[in-house]
Amino acid sequence: MQRLVLIVEDEKPIVDILKYNLEREGYKVIFALDGEEGLNLALTKAPDLILLDVMLPRMDGYDVCRRIREKSNVPILMLTARGEELDKVLGLEMGADDYITKPFGVRELMARVKANLRRTEPNVENASVIRFGEFCILCERYEITKDGQTVDLTLREFELIKFLAQRPGKIFTRENLLEEVWGYEYYGDVRTVDVTVRRLREKIEDDPAEPKYIMTKRGVGYYLKVDNV
């Protein structure tokens with residue numbers, strides 16, 4: 001299902017940039033140019049995430065955030081030109097989930113949008129056990145077994161196979177995986193993903209050169225193949 005993002009921002013050029021980049025990522029976008037309209041859209045359109053500026057006409061972002069929180073737990077990412085620590089704390093105290101100071105990079109913003117939307121997805125993340133093939137992932141113990149025998153993985157390798165196993169058959173680019181598994185504050189070389197995949201294959205595949213589970217989609221990225229996908 002297409003996720004709906006509400007932008008509440010009084011500077012139309014910023015709205016246009018955000019809208020363009022969000023739509024490129026597959027999101028549906030609506031926007032408001034003042035706080036009162038933004039509050040109305042937030043309460044009537046049920047967006048999946050709100051990008052909320054602080055300095056707004058008619059009603060400031062803090063009040064909008066507080067009013068939304070009376071009715072909804074929708075993720076709110078506050079945008080502002082202010083960089084003072086007190087302003088950040090105030091936004092969080094009003095119920096914002098995240099805070100980013102202008103000017104910001106589009107890539108960083110998109111990563112934060114995705115990170116905040118993840119917590120609203122169906123609660124597969126918290127499944128205690130995930131099974132595929134001869135493998136069993138014990139999420140709470142950070143452990144994976146193959147035919148009942150524990151496979152020794154680093155934390156990052158474990159997080160990567162767990163992430164892919166939660167979404168079998170879905171293809172992720174290297175950039176996707178850097179954002180989703182390594183975290184949006186990690187901006188490393190995409191080769192980091194390739195190295196981790198290679199090491200993971202060496203540990204779980206019978207023949208790493210001809211993998212059965214961790215598959216490459218040439219020119220795109222990686223996915224986990226299971227029998228029923």
Side-chain angles (χ1 to χ4, degrees), residues 1-3 5 21-22 24-27 48-49 75 77 97-98 106-229:
M1 181 182 296
Q2 193 175 30
R3 312 302 291 276
V5 176
N21 283 280
L22 286 163
R24 281 187 61 190
E25 292 289 332
Y27 300 110
D48 295 293
L49 180 137
L77 174 57
D97 295 273
D98 205 349
V106 170
R107 181 180 176 189
E108 180 186 3
L109 180 66
M110 292 302 107
R112 292 191 184 213
V113 166
K114 293 175 183 177
N116 281 280
L117 279 172
R118 277 201 304 273
R119 74 179 181 86
T120 68
E121 292 176 350
N123 207 21
V124 298
E125 300 266 359
N126 295 325
S128 59
V129 178
I130 304 170
R131 301 179 189 277
F132 65 96
E134 63 265 49
F135 294 93
C136 180
I137 299 176
L138 307 172
C139 299
E140 295 177 352
R141 293 169 57 180
Y142 291 87
E143 184 177 304
I144 181 171
T145 64
K146 180 178 182 180
D147 291 329
Q149 299 297 312
T150 299
V151 181
D152 186 21
L153 301 181
T154 66
L155 178 60
R156 189 66 66 198
E157 291 162 356
F158 176 84
E159 292 292 346
L160 178 57
I161 190 62
K162 175 186 168 187
F163 179 83
L164 293 174
Q166 288 167 339
R167 302 155 181 84
K170 184 173 181 180
I171 301 168
F172 294 92
T173 67
R174 292 162 176 83
E175 291 81 6
N176 290 153
L177 292 171
L178 276 178
E179 292 174 356
E180 301 285 351
V181 179
W182 276 255
Y184 62 63
E185 293 181 349
Y186 183 94
Y187 294 103
D189 192 316
V190 293
R191 287 176 297 181
T192 302
V193 177
D194 296 328
V195 172
T196 306
V197 168
R198 176 178 55 79
R199 291 171 57 192
L200 189 53
R201 281 173 172 161
E202 289 173 352
K203 294 180 178 182
I204 74 168
E205 299 280 2
D206 291 333
D207 182 358
E210 295 290 338
K212 178 181 177 182
Y213 294 107
I214 304 176
M215 311 302 291
T216 301
K217 183 69 173 180
R218 190 173 299 278
V220 183
Y222 299 106
Y223 66 100
L224 185 78
K225 181 179 179 182
V226 296
D227 293 339
N228 62 344
V229 175

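This is a predicted model, so every value here is computed, not measured. Scope of the values below: all heavy atoms of this structure, side chains included, with no hydrogens, waters or symmetry mates. Position 1 is the first residue of the sequence; numbering continues from there.
For the atom pair CZ of Phe132 and CD1 of Ile161, the computed distance is 4.0 Å after rounding to the nearest 0.5 Å. The distance from atom CG of Leu164 to atom NZ of Lys170, rounded to the nearest 0.5 Å, is 11.0 Å. Considering CD of Glu179 and CZ of Arg112, their distance stands at 12.0 Å, rounded to 0.5 Å. Separation of atoms CD (Glu159) and SG (Cys139) is listed at 9.0 Å; rounding is to 0.5 Å. Atom CZ of Phe172 is separated from atom CD of Glu180 by 6.5 Å, given to the nearest 0.5 angstrom. Atom-to-atom distance recorded for Lys162:NZ and Leu224:CG is 14.5 Å, nearest 0.5 angstrom.
Across all non-hydrogen atoms, the minimal contact from Lys146 to Ile204 is NZ-O, 3.0 Å. Between Val220 and Arg174, the shortest heavy-atom distance links the atoms O-NH1, 4.0 Å. Looking at every heavy atom in both residues, Val226 comes nearest to Pro168 through CG2-CB, 3.7 Å. Nearest heavy-atom pair, Asp194 versus Tyr222, reported as atom, atom and distance to 0.1 Å: OD1-OH, 2.5 Å.
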Atom pairs and distances, donor-acceptor, side-chain atoms in residues 207-218, under 3.5 Å, two or more places apart:
residue: Asp207; atom: OD1; partner: Ala209; partner atom: N; Å: 3.1
residue: Tyr213; atom: OH; partner: Glu134; partner atom: OE1; Å: 2.4
residue: Thr216; atom: OG1; partner: Arg201; partner atom: NH2; Å: 2.8

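Side-chain contact between Met110 and Leu22 is present, with at least one heavy-atom pair separated by less than 4.5 Å. For the pair Tyr27/Asp48, no side-chain contact is recorded, criterion being any heavy-atom separation below 4.5 Å from C-beta on. Proximity of Leu49 to Arg3: side-chain heavy atoms (C-beta onward) are nowhere separated by under 4.5 Å.
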Apply side-chain contact (heavy atoms from CB on, under 4.5 Å) to Leu138 and Val129, showing your working.
CA-CA 5 Å; Leu138 307 172; Val129 178; 4.0 Å; yes
Verdict with supporting geometry, Ile137 and Phe158, side-chain contact (heavy atoms from CB on, under 4.5 Å):
CA-CA 9 Å; Ile137 299 176; Phe158 176 84; 3.7 Å; yes
Pair Val193, Val181 - check side-chain contact (heavy atoms from CB on, under 4.5 Å), show working.
CA-CA 10 Å; Val193 177; Val181 179; over 6 Å; no
Please report the C-alpha distance between Glu175 and Leu178 in whole Å, then the side-chain angles of each, then the deciding distance to 0.1 Å, and finally whether the side-chain contact (heavy atoms from CB on, under 4.5 Å) criterion is met.
CA-CA 5 Å; Glu175 291 81 6; Leu178 276 178; 5.6 Å; no
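The salt bridge (charged side-chain N to carboxylate O under 4.0 Å, His left out) search around Glu157 returns Arg199, Lys203, not counting sequence neighbours.
With salt bridges taken as basic N to acidic carboxylate O contacts below 4.0 Å, one links Lys114 and Glu25.
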